[in-house]
Amino acid sequence: MENSSPIGIFDSGVGGLSIAREIRRLLPNEDLLYYADSAYCPYGEKPPSIIKQRVFALSDFLLSKGAKILVVACNTASIVSLDEIRNKYDVPVVGVEPAVKPAVAATKTGTIGVLATGVTLSGDRFSSLVKRYCSKTDVVTQPCPGLVELVEKGMINSSRAEELLRKYTRPLLEKNADTVVLGCTHYPFLREKIQAIVGPGVTVIDTGEPVARQTARVLDKHNLKSSRQCRGRETFFTSGDIKTVEPVVQLLWDDETLKVNYVPLGGISIETN
Ligand code: DGL
């Protein structure tokens with residue numbers, strides 16, 4: 001494995017760009033490959049068996065493109081399949097999980113709220129996180145159907161997003177949560193709206209920066225950090241409709257000239273709606 005090889009990052013869609021942008025900030029000289037599995041998004045409403053098949057297809061693809069490390073920039077995919085990815089592949093693998101531990105450290109009321117997909121909140125990995133860190137903290141969990149789809153369409157400032165966020169944060173506020181964990185990588189793109197709704201007294205936590213730091217640590221540990229002096233490149237791929245996905249990636253990555261490559265990784269027949 002070459003140090004100059006790229007970092008492979010994937011998500012069910014564009015949400016993992018919230019992780020990728022922090023990796024770009026922290027590791028400006030690395031080449032990044034990003035795969036948005038938008039044709040199969042949302043993972044949060046799919047059976048774990050389908051999510052696993054997708055995750056292996058995406059990992060195989062990124063490794064075929066020379067990825068030296070895999071970053072699973074999706075809580076749902078990490079909750080369902082992180083152990084299996086680690087067992088299957090030789091490269092280091094970094095996953096993401098809801099930031100329960102920092103939220104427990106931050107709360108003053110003793111109640112934290114976690115916004116995530118239904119699959120994440122019902123996964124064993126999430127229950128063991130809660131068991132490990134929340135013996136003295138109350139946890140209010142809230143699945144958020146519909147939010148991921150809005151981010152996938154770039155509708156981050158829409159009134160529909162506002163309406164859903166008010167609905168999903170209300171139970172957390174009613175239970176006096178003063179710390180809200182964004183347990184899905186799509187949600188940081190709604191962060192400003194969420195903060196405005198919950199108010200300045202509530203701390204909103206996401207995992208972009210810690211995952212970027214963890215990626216840097218793992219690269220260091222395996223002597224895989226790029227020694228290149230110039231800025232790295234980003235290459236974007238998607239299984240989704242390029243006409244929909246490309247403008248949203250341009251919006252979220254803040255670069256209206258970037259191109260997204262359409263690479264369908266098929267072989268699984270499921271209904272997409
Ligand atoms: N971005 C994802 C996550 O972190 C997946 C959301 C979805 O596809 O439902 O959970």
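Atoms within each ligand, like the ligands themselves, are counted from 1 in listed order.
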Q: With a 4.0 Å cut-off on N to O distance, would you call Arg25 and Glu22 a salt bridge?
A: yes
Q: Give the protein residues with at least one non-hydrogen atom closer than 4.0 Å to an atom of ligand 1, ordered by chain and number.
A: Asp11, Ser12, Cys41, Pro42, Tyr43, Gly44, Cys74, Asn75, Thr76, Thr117, Val148, Cys184, Thr185, His186
Q: Ring-plane angle category for Phe56 and Tyr89, please: parallel below 30°, perpendicular beyond 60°, tilted otherwise.
A: tilted
Q: Could you verify whether a donor N or O on one side chain and an acceptor N or O on the other, from Glu152 and Ser38, lie under 3.5 Å apart?
A: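 A donor-acceptor contact under 3.5 Å links the two side chains.
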Q: Scan for ring-ring contact (aromatic ring centres under 6.0 Å, His included) pairs involving residues 176-234, sequence neighbours excluded, and state none if there are none.
A: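 For residues 176-234: none.
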Q: Got Ile9 and Leu33 here, is their nearest side-chain heavy-atom distance under 4.5 Å?
A: no
Q: Distance check, rounded to the nearest 0.5 Å: Leu165 atom CG versus Ile197 atom CD1?
A: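 Interatomic distance, Leu165 CG to Ile197 CD1, rounded to 0.5 Å: 4.5 Å.
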